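Structure first, then comments.
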Amino acid sequence: SIAMLPQKELLPLTGYLHGGCSPIGMKKPFPTALHQSAAEQESIYVSAGKVGFQVEVTPADLQKMLPMRLADVIK
């Protein structure tokens, strides 16, 4: 089962501020899930690790960079 980390737990657990938590280069490995429809996109944007900064990447390249899975994450 995949669940998003509650915002109040983000900083103490990961060291990242809300809006600056990037799946790339995490200090601790956390499970990462991407909505399955993202795989159909030419490119997507993810946080670059600093509030207000993003990086554009193809879903396939993101899967090469980190252990992640595609899932239906919408409730």
Side-chain angles (χ1 to χ4, degrees):
S1 161
I2 296 174
M4 289 195 62
L5 185 65
Q7 184 176 338
K8 67 181 180 183
E9 295 178 23
L10 184 65
L11 182 60
L13 188 60
T14 68
Y16 294 109
L17 295 172
H18 176 72
C21 187
S22 176
I24 303 167
M26 287 188 273
K27 296 171 189 173
K28 298 177 184 177
F30 288 95
T32 301
L34 188 65
H35 190 270
Q36 58 202 22
S37 65
E40 301 164 10
Q41 304 304 312
E42 194 171 305
S43 65
I44 59 172
Y45 291 87
V46 297
S47 175
K50 185 175 179 182
V51 176
F53 289 82
Q54 294 80 38
V55 63
E56 182 178 15
V57 64
T58 67
D61 284 343
L62 187 61
Q63 284 187 298
K64 291 176 189 174
M65 288 185 255
L66 55 106
M68 60 164 270
R69 66 181 187 166
L70 297 171
D72 183 2
V73 295
I74 297 174
K75 285 187 177 182

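Computed from a prediction, not measured in an experiment: that's the story for all the values here. Along the sequence shown, the residues carry numbers beginning at 1.
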Pairs of donor and acceptor atoms involving the side chains of residues 35-42, under 3.5 Å and at least two apart or interchain, shall be tabulated with distances.
{"from": "His35", "atom 1": "ND1", "to": "Ser37", "atom 2": "N", "distance (Å)": "3.0"}
{"from": "His35", "atom 1": "ND1", "to": "Ser37", "atom 2": "OG", "distance (Å)": "2.8"}
{"from": "His35", "atom 1": "NE2", "to": "Asp72", "atom 2": "OD1", "distance (Å)": "3.4"}
{"from": "Gln36", "atom 1": "OE1", "to": "Asp72", "atom 2": "N", "distance (Å)": "3.4"}

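Chaining together hydrophobic side chains whose heavy atoms lie under 4.5 Å apart places Ile24 alongside Leu34, Ile44, Val46, Val55, Val57, Leu62, Met65, Leu66, Met68, Leu70.
Applying the side chain to side chain donor-acceptor pair (under 3.5 Å) test to Ser22 and every residue at least two apart in sequence or in another chain returns nothing. Lys8 meets the salt bridge (charged side-chain N to carboxylate O under 4.0 Å, His left out) test with no other residue; sequence neighbours excluded. By the side chain to side chain contact (heavy atoms under 4.5 Å, CB included) test, Ser43 is found to be paired with Glu56, residues two or more places apart in sequence or in another chain being considered.
Scanning both residues, Pro67 and Thr32, for their nearest heavy atoms gives O-CB, 4.0 Å.
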